[in-house]
Amino acid sequence: MSNHKQNLYIYNSLSGQKEKFEPINTGHVGMYVCGPTLYSEPHMGNMRTFINFDMIYRYLLLHYKVKYVRNITDAGHITNSAGEEVDSIGKAARSEQLQSLEIVYKYNVKFQELQRIYNLLPPSIEPTATAHIEEQIEIIEKIIENGFAYIVNGSVYFDVKKYSEAFEYGTLSGRKIEELSEETRALNAQEEKHFFADFALWKKGSPDDMQIWRSPWGNGNPGWHIECTAMSTKYLGKHFDIHGGGMDLKFPHHEDEIAQNCGSLGCNPAKYWMHANMLNVNGQKMSKSLGNFFLPKEIVEGTTQLFTKPYSPNVIRFFMMQAHYRSNLDFTEDALNAAEKGFSRLTDAFHLIEKLKTSAQTSFNVQELVSSFYTAMDDDFNAPILIANIFEAVKRINLINDGNDTITQEDLNLLATALKTFLFDVLALQIGTLNNDSKLSPVMDLVLELRQEAREKKDWSTSDKIRDGLAAAGIVVKDGKEGTSWS
RNA sequence: GGUCUCGUGGCCGAGCGGUUAGGCACCGGUCUGCAAAACCGUCUACUCCGGUUCGAAUCCGGACGAGACCUCCA
């Protein structure tokens, strides 16, 4: 852990302000983030949220012992646009002609693979909804006991009106129940509800349900929101430090989680609520319903129509980190290309570090530069500022290399360590070694030697032929002061 | 219709009352057989109209424009 003095401020969605971060238990942080629903392969927008919380997790890890819980939704009924309760996983299972469990397994394998590709740290625990039916039932029972839920025909609904007599509903999303539009309701299954804003805690099973569980109210399925309450309580307690998720989960999901937690355990589950912003493509939120999404694997493999070439996961991650987690980010080819070049400049400078000559004195303030990395991140995880400051270090490294700045061995160590910490441990960028394609390397050495011989004989047509031929094969020849390299 | 967020230079994107954000591109230079690459330097913007202030991209009001949520989505 870092000995940097922690002075972290976090934007709390609950208050709409940056607040000083003070963990409930000194030195420890409990964080819960809403994970994916495994009815399809996570798209790039999903990944942005997980990547952002991975960055947040990683920075917290520098200073605290962190328990990071991210659930996997493999069951649960949600309410669709027609006001019907729908089992999204069951629906996917039917359309793919698989069992629910097969669907969940299939997409979980893909999700785990994506986490590897994008270098996400595994959470401390990744609990699934289906493994916590008991706990969900217990929470529902408590809510009923407290008088905030009612049973209708084998289903259980949360009673928002009763609840708002004791607690305030809508504190997170800033919504007031009177203001919630009523027009779309009073349809189909809605008839069972006393009030349009009520939501299902338990839904009575139907004969075509693929997954079904026993409960005190008969066989059925849990509602969508209750799993998070059950699992966060089980692993982090009834009140923990950080609850995160995508902006779009704020309402109704997180709002209802708060209601469930208050309704059963008497308190808001989290001290700090954090919401990551959406990913835009062509100015619009990337989402399944709009069909303008691409898969995290497609962009890495270059198989999406939206982009003309593939981008490495590092470049994608670097690109994402250049925008603040609470801002929208528009994916465009130009922006991605700019990020790719910037990342390569960063990489080049990083490789220069070990070749740098040290001096008796340092010509700039290394301590200040290093602490600027922490200051940036302490301000609500401002990764774009961190990167800007890292580029200040890049410039210094290049200036030292050119002999226009000097650095002592001690300061160089300090800078190198800090860069490694932030580049590798926080931003999770993987910077490999140069020209590490061992098979190609000897071949390239030979080719470049031949070209060098031609150049010495001033046989420009041969040397240019080699250079152009390599360029056509996607290999760039770089003539530098200390010889020729390639990439 | 309701709630909310946002409008920054060619592009992406920070900042949120006074100081150069940063990256990419452009331009100039160093290097080079010529290029490319690399490095250095330069470029100085905040939708519009009012107001507050010694001072506003930053605060307040209005207009226009964009987006999110209100129904599943990270």
Side-chain angles (χ1 to χ4, degrees), chain A residues 16 33-37 39-40 42-53 77-84 86 88 91 170 173-176 178-181 183-185 197 224 244-253 275-280 283-290 293 318-319 322-324 326-346 348-349 352 376 379 382-392 394-395 397-399 401-402 404 455-456 458-460 463-464 467-468 471 476-481 484-487:
Chain A
V33 172
C34 291
T37 300
Y39 64 103
S40 65
H43 63 238
M44 203 65 224
N46 295 296
M47 285 312 287
R48 159 128 115 131
T49 298
F50 301 136
I51 287 172
N52 271 140
F53 279 103
H77 273 219
I78 44 114
T79 311
N80 74 2
S81 52
E84 300 161 316
V86 172
S88 54
K91 200 174 144 197
S173 56
R175 256 167 255 267
K176 298 199 166 69
E178 316 86 68
E179 284 172 0
L180 290 164
S181 112
E183 66 216 52
T184 58
R185 323 299 151 144
W224 174 45
M247 207 77 111
D248 50 353
L249 255 32
K250 216 168 170 182
F251 186 90
H253 185 60
H275 290 94
N277 217 136
M278 305 289 99
L279 192 89
N280 284 186
Q284 274 195 306
K285 183 177 96 164
M286 169 188 278
S287 80
K288 262 167 215 164
S289 41
L290 286 170
F293 69 96
F318 177 73
F319 170 62
Q322 280 187 298
H324 188 89
R326 281 192 288 115
S327 297
N328 272 130
L329 175 62
D330 209 351
F331 252 69
T332 64
E333 185 125 42
D334 283 351
L336 243 17
N337 284 335
E340 188 169 54
K341 287 194 176 166
F343 182 62
S344 128
R345 190 157 104 88
L346 178 58
D348 288 349
L352 262 183
D379 183 17
N382 201 328
I385 295 290
L386 167 64
I387 289 174
N389 295 341
I390 286 176
F391 271 103
E392 175 64 23
V394 166
K395 183 183 268 186
I397 289 167
N398 288 327
L399 285 170
N401 189 237
D402 290 350
N404 294 320
R455 291 179 75 198
E456 275 158 18
K458 298 198 193 296
D459 177 4
W460 308 129
S463 84
D464 289 355
R467 183 217 286 161
D468 297 343
V476 183
V477 173
K478 300 173 189 174
D479 295 325
K481 256 185 225 163
T484 301
S485 64
W486 59 276
S487 66

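Only heavy atoms go into these numbers, but all of them, side chains included; no hydrogens, no water, no symmetry mates. Here is the naming used below: chain letters follow the sequence lines, and residue numbers restart at 1 for every chain.
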Polar-atom pairs under 3.5 Å, protein N or O versus N or O of nucleotides 25-31 of chain B: list them with distances, or write none.
{"from": "B:A25", "atom 1": "OP1", "to": "A:Lys341", "atom 2": "NZ", "distance (Å)": "3.1"}

Can you give me the closest heavy-atom contact between [X] and [Y], atom names plus distance?
{"X": "A:Asn398", "Y": "A:Ala349", "result": "OD1-CB, 4.4 Å"}
{"X": "A:Ser327", "Y": "A:Asn277", "result": "O-CB, 3.2 Å"}
{"X": "A:Phe53", "Y": "A:Ala276", "result": "CE1-CB, 3.9 Å"}
{"X": "A:Cys34", "Y": "A:Leu249", "result": "CB-CD2, 3.6 Å"}
{"X": "A:Ala323", "Y": "A:Leu329", "result": "CB-CD1, 3.8 Å"}

Just to verify, what does [X] make a salt bridge (Lys or Arg N to Asp or Glu O under 4.0 Å) with, not counting sequence neighbours?
{"X": "A:Arg326", "result": "A:Asp380"}
{"X": "A:Asp479", "result": "A:Arg451, A:Arg455"}
{"X": "A:Glu392", "result": "A:Arg396"}

Does a distance-only test, which skips hydrogens and angles, find a donor-acceptor pair under 3.5 Å between the side chain of A:Arg467 and the base of B:A35?
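Counting by modelled atom types and ignoring angles, a donor-acceptor contact under 3.5 Å is found here.
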
Per the atom types in the model, does the base of B:A74 pair as donor or acceptor with the side chain of A:His43 at under 3.5 Å?
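For A:His43, whose side chain was compared with the base of B:A74, there is a donor-acceptor pair (under 3.5 Å).
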
Please tell me which of the listed nucleotides, [options], lies nearest to the side chain of [X]?
{"X": "A:Asn46", "options": "B:G33, B:A74, B:C40", "result": "B:A74"}
{"X": "A:Asp348", "options": "B:A14, B:U32, B:A38", "result": "B:A38"}
{"X": "A:Ala388", "options": "B:C39, B:G33, B:G22", "result": "B:G22"}

Students often get this wrong, so: under 4.0 angstrom with heavy atoms, is [X] touching a base, only sugar-phosphate, or nothing?
{"X": "A:Lys395", "result": "sugar-phosphate"}
{"X": "A:Asp464", "result": "base"}
{"X": "A:Arg345", "result": "sugar-phosphate"}
{"X": "A:Leu336", "result": "nothing"}
{"X": "A:Met47", "result": "nothing"}
{"X": "A:Gly45", "result": "base"}
{"X": "A:Asn398", "result": "sugar-phosphate"}
{"X": "A:Val477", "result": "base"}

Test side chain to side chain donor-acceptor pair (under 3.5 Å) applied to [X] - qualifying residues, sequence neighbours left out:
{"X": "A:Asn337", "answer": "A:Tyr311"}
{"X": "A:Asp248", "answer": "none"}
{"X": "A:Asp468", "answer": "none"}
{"X": "A:Ser88", "answer": "none"}

Whole-angstrom distance between [N] and [M], as gauged at atom [atom1]:
{"N": "B:G13", "M": "B:C48", "atom1": "C1'", "answer": "23 Å"}
{"N": "B:G41", "M": "B:U47", "atom1": "P", "answer": "29 Å"}
{"N": "B:A45", "M": "B:G22", "atom1": "P", "answer": "15 Å"}

Show me the protein contacts with nucleotides 10-13 of chain B, counting only N or O atoms at under 3.5 Å.
{"from": "B:G13", "atom 1": "OP1", "to": "A:Asp330", "atom 2": "N", "distance (Å)": "3.2"}
{"from": "B:G13", "atom 1": "O2'", "to": "A:Gln322", "atom 2": "O", "distance (Å)": "3.2"}

Given the ring of A:Phe251, does A:Arg175 sit roughly above its face, with NZ or CZ under 6.0 Å from the centre of the six-membered ring and within 45° of the axis?
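Checked: cation-pi criterion met.
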
What integer distance in Å separates [X]:[atom1] from [N]:[atom2]?
{"X": "A:Asp479", "N": "B:U32", "atom1": "CG", "atom2": "P", "answer": "11 Å"}
{"X": "A:His275", "N": "B:A74", "atom1": "NE2", "atom2": "C1'", "answer": "10 Å"}
{"X": "A:Tyr39", "N": "B:A74", "atom1": "OH", "atom2": "C1'", "answer": "10 Å"}
{"X": "A:Asn280", "N": "B:U5", "atom1": "CG", "atom2": "C1'", "answer": "12 Å"}
{"X": "A:Lys91", "N": "B:C72", "atom1": "NZ", "atom2": "C1'", "answer": "8 Å"}
{"X": "A:Phe318", "N": "B:G23", "atom1": "CZ", "atom2": "C1'", "answer": "6 Å"}
{"X": "A:Arg455", "N": "B:A36", "atom1": "CZ", "atom2": "C1'", "answer": "11 Å"}
{"X": "A:Asn404", "N": "B:A38", "atom1": "CG", "atom2": "C1'", "answer": "14 Å"}

Take A:Gly245 and A:Ala349, find for each the nucleotide of RNA chain B with the closest heavy atom, and name the residue whose nucleotide sits nearer the 5' end.
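Its nearest nucleotide lies further toward 5', so the answer is A:Ala349.
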
Is A:Lys285 close enough to B:C69 that one of its side-chain N or O atoms is under 4.0 Å from OP1 or OP2 there?
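Yes, A:Lys285 has a side-chain N/O under 4.0 Å of OP1/OP2 on B:C69.
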
What stems involve RNA chain B, if each pair must be Watson-Crick or G-U and both of its distances must be under 3.5 Å, with 3 or more such pairs in a row?
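If one scans RNA chain B for consecutive Watson-Crick or G-U pairs, the stems found are B:1-7 with B:64-70, B:10-12 with B:22-24, B:27-30 with B:38-41, B:47-51 with B:59-63.
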
Partner residues of A:Phe319 under the ring-ring contact (aromatic ring centres under 6.0 Å, His included) criterion, sequence neighbours left out
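A:Phe331.
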
Flag as yes if A:Trp460 stacks onto the base of B:G33 (centroids under 5.5 Å, planes under 30°), otherwise no.
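It does: the two rings, one from A:Trp460 and one from B:G33, meet the stacking criterion.
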
With side chain to side chain contact (heavy atoms under 4.5 Å, CB included) as the criterion, how do A:His324 and A:Asn382 come out once you've worked through the C-alpha distance, each side chain's angles and the decisive distance to 0.1 Å?
CA-CA 6 Å; A:His324 188 89; A:Asn382 201 328; 4.0 Å; yes

Does A:Asp464 come within less than 4.0 Å of A:Arg467, counting only side-chain N to carboxylate O?
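Yes.
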
Short heteroatom pairs, N/O only, protein and nucleotides 16-19 of chain B, under 3.5 Å:
none

